[in-house]
**Student:** 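The structure that follows is given in the form of structure tokens.
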Amino acid sequence: MLGLFIYAFFMVGLGCYFTGPSRSGLGVYGLRLAVGYAAMVILLYIFEVLAGVAVREAFWFVCAISMGGLVYGLRACRWRVEWRTIARHPASILLIAGGVAVLHNGGIGYLPVGHDEFSHWLGNPLRLNAFGDWSSAIGSLSHPGYPPGWPLLILLPWQPLAQVKLGASAAAPFVLHVAVIAFVFDLVVFVVRRRLKYGAFRSEITGWGIILLFLAAEALGPLWSTTLLIEPPQILGYSIFVLLLFATEIAPEDERILEFSAGIVLASCYLIKAAAMLFVPAVVVLLMVRMFARGIKIDRIRGPAISLALLTFPILILAASWGLVSDVKGCGYSAMENFTPEAFARARGLDWADLANRYFTAVWDYISIYKTPLTIAGLVGLGSALARGAYRVPLLLVTMGACYISILYWYHLTCFGAYYFENLNSIPRFTRVLLRLLHGVGLILLVETAVAGVARLFGTSDVRGCFSARGAGFALVLPVVLLGLW
């Protein structure tokens, strides 16, 4: 229970410093939670790695900053909190439900599974906690060249009582998942309000219906992950980033604040997994397409240039800082070492054509069997967005996915070694990151397309009229209640 409270408290407190979108009417709660969680990761890195603060002192520093955020938020709203709105928001209900489940089960028990989890994702936090600070522990860490965001998050709830409790750390991916679901809810409510001209009640009921179906399908994985491996936070962080770029299309009035938020989230994703850097070339391609589509003129370059700075500068700054702090060498830690003349020579000496056949066959085999209905729905969502001229998210996902799959193939040639060249390295785990990202984002694009189609075919007044009667309203609420109970 302590871990759930700490992660949620830090996320909410840090999120209160963020004002959120104010012009378009897009809900702010989910976005504040997402930015708050990202800020928590970044602050832990700044204090413990860059500033060299001991892990326990860093905890209290971030705790004080989070408390200050709550006070700041209360003062900003003049101590008039919209308790009813907060109480019925999915973020509040899911966090409370998680706490009730923990109390009902007498706490959170956790048993590590798998060599990778035990030796690295849990082994490093245990070592950091034992040594007390980053500089003392660095020599004993497994894979010390990996960005340290996830290990720093895992050991966070052990600090106030100076006790190692793996179960407390198990709340970390759950709280991030709640932030994603909260933001998805705000997006759906905004789309329904803007497209169908619904009132608050019907918009929120529709939003609840969508997120409950979203959770039931486990589009982004289980709501409460059963492992502390790196994939759940990686997938969830990527999803928030891409959905924020989707929000810039449907709420262009708040484009800059949404891009700033996306930049902060992407920077935190890098601290969790360096593969987040693959979004940088995807963002560059996206902004170049936008620039060419509008015509290359001096006055039209300024907007894409600002977008590029907001989206990529935070991650580039953190990547540069980590490069200065971490002096660990190796192809697994420095991507550029896979593009040296020696790396190309290694690749030429291997049967790259046979690897390509085995590798892409394995990737396709997994794609074809893993939650195929969700994959099809996600692809339909991307295609429908493209058909309506909303190209940002599809272009970003396709570019990043192509970079991801290509780099993974190249690492098999230059970095993973002879064993993984013959047997392939964790294809299901690596591929699942892209698939779940497609599932989650594609479904939201599909919902937005469906709502836009309904509004265009029937008109907003006819649609509102269908749900104006009590019977129709009851028919809308009942499935949501039943699905929520289930």
Side-chain angles (χ1 to χ4, degrees), residues 2-3 6-7 40-62 110-173 225 227-234 268-277 318-338 411 415-417 419-420 425-426 429:
L2 179 63
I6 288 173
Y7 290 123
M40 174 169 57
V41 179
I42 294 171
L43 284 175
L44 290 173
Y45 168 73
I46 291 173
F47 280 122
E48 297 182 30
V49 178
L50 298 185
V53 177
V55 293
R56 196 168 188 191
E57 282 73 14
F59 170 87
W60 292 113
F61 278 133
V62 179
Y110 189 78
L111 180 66
V113 293
H115 170 73
D116 192 26
E117 181 181 29
F118 186 78
S119 64
H120 179 51
W121 304 119
L122 287 178
N124 282 353
L126 290 168
R127 295 183 185 95
L128 277 168
N129 188 70
F131 281 95
D133 63 83
W134 176 263
S135 60
S136 301
I138 186 64
S140 68
L141 299 182
S142 171
H143 300 295
Y146 285 179
W150 192 232
L152 296 180
L153 271 177
I154 287 175
L155 64 83
L156 189 65
W158 307 346
Q159 303 314 308
L161 301 179
Q163 294 179 350
V164 174
K165 292 187 176 182
L166 301 183
S169 303
S225 175
T227 74
L228 282 169
L229 291 170
I230 199 67
E231 285 77 20
Q234 186 183 7
S268 72
C269 290
Y270 170 80
L271 292 177
I272 290 174
K273 188 79 170 180
M277 283 294 292
L318 287 186
S321 71
W322 177 242
L324 294 173
V325 171
S326 173
D327 57 357
V328 181
K329 305 298 181 184
C331 61
Y333 309 129
S334 174
M336 296 311 298
E337 292 194 24
N338 294 280
Y411 270 48
C415 187
F416 290 154
Y419 177 82
Y420 285 122
N425 186 6
S426 302
R429 279 179 60 186

**Student:** Keeping to residues at least two apart or across chains, list the side chain to side chain donor-acceptor pair (under 3.5 Å) pairs with something in residues 159-172.
**Tutor:** Asn129-Gln159, Trp158-Ser169
**Student:** Would you find a donor on one side and an acceptor on the other, under 3.5 Å apart, between the side chain of Tyr420 and the backbone of Tyr411?
**Tutor:** no
**Student:** Would you give me the side-chain donor-acceptor pairs under 3.5 Å for residues 131-140, sequence neighbours excluded?
**Tutor:**
{"residue": "Asp133", "atom": "OD1", "partner": "Ser135", "partner atom": "N", "Å": "3.3"}
{"residue": "Asp133", "atom": "OD1", "partner": "Ser135", "partner atom": "OG", "Å": "2.7"}
{"residue": "Asp133", "atom": "OD1", "partner": "Ser136", "partner atom": "N", "Å": "2.9"}
{"residue": "Asp133", "atom": "OD1", "partner": "Ser136", "partner atom": "OG", "Å": "3.0"}
{"residue": "Asp133", "atom": "OD2", "partner": "Ser136", "partner atom": "OG", "Å": "3.1"}
{"residue": "Ser140", "atom": "OG", "partner": "Ala137", "partner atom": "O", "Å": "2.9"}

**Student:** Return the CZ to CG distance between Phe59 and Leu156, rounded to the nearest 0.5 Å.
**Tutor:** 6.0 Å
**Student:** Rounded to the nearest 0.5 Å, how far apart are OH of Tyr146 and OG of Ser326?
**Tutor:**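 If we round to the nearest 0.5 Å, Tyr146:OH and Ser326:OG are 12.0 Å apart.
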**Student:** Would you name the heavy atoms of Gly3 and Ala171 that are closest together and state the gap between them?
**Tutor:** C-CB, 4.0 Å
**Student:** For the residue pair Arg56 and Pro160, what are the closest heavy atoms and their distance?
**Tutor:** NH2-O, 3.2 Å
**Student:** Salt-bridge test for Glu231 and Arg429: reply yes if a basic N is under 4.0 Å from a carboxylate O, no otherwise.
**Tutor:**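 Salt bridge: yes.
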**Student:** Kindly compute the distance separating CG (Leu228) from CH2 (Trp150), expressed to the nearest 0.5 Å.
**Tutor:**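 The CH2 atom of Trp150 is 6.0 Å from CG of Leu228, to the nearest 0.5 Å.
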**Student:** If every non-hydrogen atom of Pro157 is compared with every non-hydrogen atom of Leu2, which pair is closest and at what distance?
**Tutor:**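 Scanning both residues completely, I find the closest heavy atoms to be O-CD2, 4.0 Å.
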**Student:** Kindly compute the distance separating CZ (Arg127) from OG (Ser142), expressed to the nearest 0.5 Å.
**Tutor:** 6.0 Å
**Student:** With sequence neighbours excluded, tell me which residues meet side chain to side chain contact (heavy atoms under 4.5 Å, CB included) with Ala58.
**Tutor:** Phe47, Glu48, Val53
**Student:** Could you tell me which non-hydrogen atom of Gly149 sits nearest to which non-hydrogen atom of Val41, and how far apart they are?
**Tutor:**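 So the minimum-distance heavy-atom pair works out to CA-CG1, 4.1 Å.
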**Student:** What is the distance from atom CG of Leu318 to atom OH of Tyr270, rounded to the nearest 0.5 Å?
**Tutor:**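 Leu318 CG to Tyr270 OH: 8.0 Å, rounded to 0.5 Å.
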**Student:** How long is the gap from CD1 on Ile42 to CG on Leu152, to the nearest 0.5 Å?
**Tutor:**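 Interatomic distance, Ile42 CD1 to Leu152 CG, rounded to 0.5 Å: 12.5 Å.
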**Student:** Minimum heavy-atom separation for Pro125 to Leu155, with atom names?
**Tutor:** O-CD2, 3.7 Å
**Student:** Looking at side-chain heavy atoms only, is the closest gap between Pro144 and Tyr333 below 4.5 Å?
**Tutor:**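 A side-chain contact under 4.5 Å exists here.
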**Student:** Minimum heavy-atom separation for Trp322 and Gly145, please, with both atom names.
**Tutor:**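 That would be NE1-O, 3.1 Å.
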